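A short write-up of the structure that comes next.
Order of the sequence lines sets the chain letters (A, B, ...), proteins ahead of strands, with each chain counted from 1. Just so it is clear, the structure is predicted and the values come from calculations on it, not from any experiment.
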Amino acid sequence: MNKPRSVVVTGMGVISAIGRDTHEFARALREGRSGIGYLAQSSAYCPLGYIGAGLSDFCFVPGLRQYSGLPAGLLQRAEQCARRSPLMVQSAVLSSLEAWQQARLYEQPIPTRQMGIVVAGSNLTQRYQYDNRQKFQESPEYLSPWYALHFFDTDHVGTLSEIFSIQGEGFTVGGASASGNTAIIKGFQAIRSGLVEACLVAAPMTDLSPMEMQGFSNLGAMGGKNYYHEPGKACRPFDKDHEGFIYGQSSASLVLESRESAKKREVEVLAEIVGGALVLDGNRLADSTVEGETRAMEEALAQAHLQPGHVDYINTHGTSTPLGDETEIRAIKKVLKNDLERVWLNSTKSLVGHCLSSAGVVEAAAVVIQMREGFVHPNLNLDNPIDGDCRFCGPRAVPAKINLALSNSFGFGGINTSVIFKKPVHQYSIH
Amino acid sequence: MLKEGVFQIVKENIVEVLPYLANKEISIQASLKDLGANSIDRMEIVTMSMERLKVKIPPVELKEVNNLAGLVGLLFEKVNGCA
């Protein structure tokens with residue numbers, strides 16, 4: 001059997017409440033700028049609006065102008081394909097264009113049939129469907145015929161494949177809040193096994209309708225009650241006052257490819273992915289388990305033949321939910337043991353909220369940025385940590401040498417994932 | 001509403017769906033296919049026009065239509081309640 005191939009990241013794109021591209025996003029991470037405020041959506045309990053990190057000023061056609069480095073034909077095709085598409089499709093197209101530009105796939109292409117697409121998330125059109133429902137009930141005849149294409153999650157696959165001329169494998173993957181990591185893992189496996197040479201991993205923003213917002217709220221999973229009048233303080237992962245997750249809207253995309261392909265194309269390697277594990281608890285509920293989370297991190301490390309001693313940093317799932325935060329800390333302690341006090345921890349959700357199905361890809365971008373720029377970003381609102389032994393980053397960014405990082409995502413239904421990123425070899429030094 | 005007014009609404013919807021036709025002459029003898037609309041765009045333009053004009057045309061009647069003149073004529077009849 002052939003040795004599995006190395007998989008590297010060569011392109012990233014992010015559109016978030018704290019930055020409309022990776023540069024702005026990186027600056028906001030370093031400055032610890034939160035994107036959390038009031039959303040336009042409100043309910044009886046939230047008269048000023050739900051608390052969240054929204055993509056409030058998102059505009060697709062003007063957004064295309066950011067990517068002036070890309071060929072005009074590609075941008076025209078993107079405009080033609082997605083100008084009238086639902087918001088989440090447009091968000092995925094823009095973040096993918098940025099990743100495509102960084103990976104220089106427009107000037108150093110990979111044969112179209114050797115490229116694949118994995119789209120992160122399922123039930124991506126909740127808001128779009130909800131918005132169409134009233135019109136449908138009044139006059140079904142006026143429902144747009146495009147609805148029959150847009151309601152499928154795979155509309156993302158079709159749209160991205162047409163824009164970027166991708167003709168290998170393409171599909172969507174669902175893993176609840178672990179969808180982003182699940183998509184990275186599937187892209188990683190497809191390249192590693194030789195099925196494709198490269199893969200666009202695209203994570204559209206999660207666009208919740210008022211019904212999902214109310215559902216999360218009725219479940220008691222959503223925070224923002226205690227700090228309703230101070231929205232910037234509502235998301236507080238690992239703080240004793242945490243009370244539930246705060247919804248965020250971000251889209252992110254990665255270009256993954258084999259090391260040989262990146263070398264042949266002479267493009268910069270941003271990071272290497274050396275392991276990625278997805279394990280189930282055997283549990284349909286919203287309750288996370290120490291056992292499942294521990295197993296995800298340990299299996300990812302074992303895949304890469306690494307020990308806890310190699311880990312410098314963990315980008316936690318850290319949703320600001322009491323049970324979730326406590327479970328993850330217990331799992332991290334079990335995995336790291338004596339290395340606990342050396343390994344940096346933070347939660348990107350303290351800045352961008354919980355982006356649900358795109359969270360894993362947004363946080364992967366945050367990991368690669370911190371690794372490349374040598375810092376750990378703040379974990380906001382950590383006034384009274386729930387644990388005194390862990391090395392949490394505080395209110396300000398701290399310089400840090402990160403050679404190896406874990407990125408955790410855990411989803412409802414007992415879906416546990418952990419992905420391992422490594423600094424590229426030419427910059428790698430053994431500590 | 002005059003037939004010309006109906007055609008104006010249809011043209012506005014065509015340009016909304018196919019922006020490259022903005023500021024171009026659109027002949028009433030042309031078909032949506034000639035103008036570059038794919039099958040879904042064609043139905044989109046018809047649906048948008050029905051909605052703007054607050055009329056409903058059963059799909060079976062649309063089958064007979066093969067150019068803009070036919071579409072405008074059908075919409076015009078529905079608007080004026082004579083079909």
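- The 12-atom threshold is exceeded at CZ of Phe171(A), counting heavy atoms of other residues, nucleotides or ligands nearer than 6.0 Å.
- More than 12 heavy-atom neighbours from other residues, nucleotides or ligands sit within 6.0 angstrom of CD on Gln108(A).
- Surrounding NZ of Lys33(B) are at most 12 heavy atoms belonging to other residues, nucleotides or ligands under 6.0 Å away.
- Dense packing is recorded around NZ of Lys11(B), with more than 12 heavy atoms of other residues, nucleotides or ligands lying under 6.0 Å away.
- Of the candidates Val46(B), Asp41(B), Thr47(B), Ile45(B), Thr47(B) is the only one forming a side-chain contact (heavy atoms from CB on, under 4.5 Å) with Pro145(A).
- Considering all non-hydrogen atoms of both residues, Arg83(A) and Glu16(B) come closest at NH2-O, 2.5 Å.
- Put simply, NZ on Lys56(B) and OG on Ser139(A) are 4.0 Å apart, with the number rounded to the nearest 0.5 Å.
- Cation-pi geometry between Lys54(B) and Tyr142(A) is not satisfied (NZ or CZ under 6.0 Å from the ring centre, within 45° of the ring normal).
- For Leu143(A), the part lying under 4.5 angstrom from a heavy atom of chain B is the backbone only.
- In this structure, Glu141(A) and Met50(B) approach most closely via the heavy-atom pair O-CE, 4.0 Å.
- In this structure, the portions of Pro19(B) lying under 4.5 Å from any heavy atom of chain A include both its backbone and its side chain.
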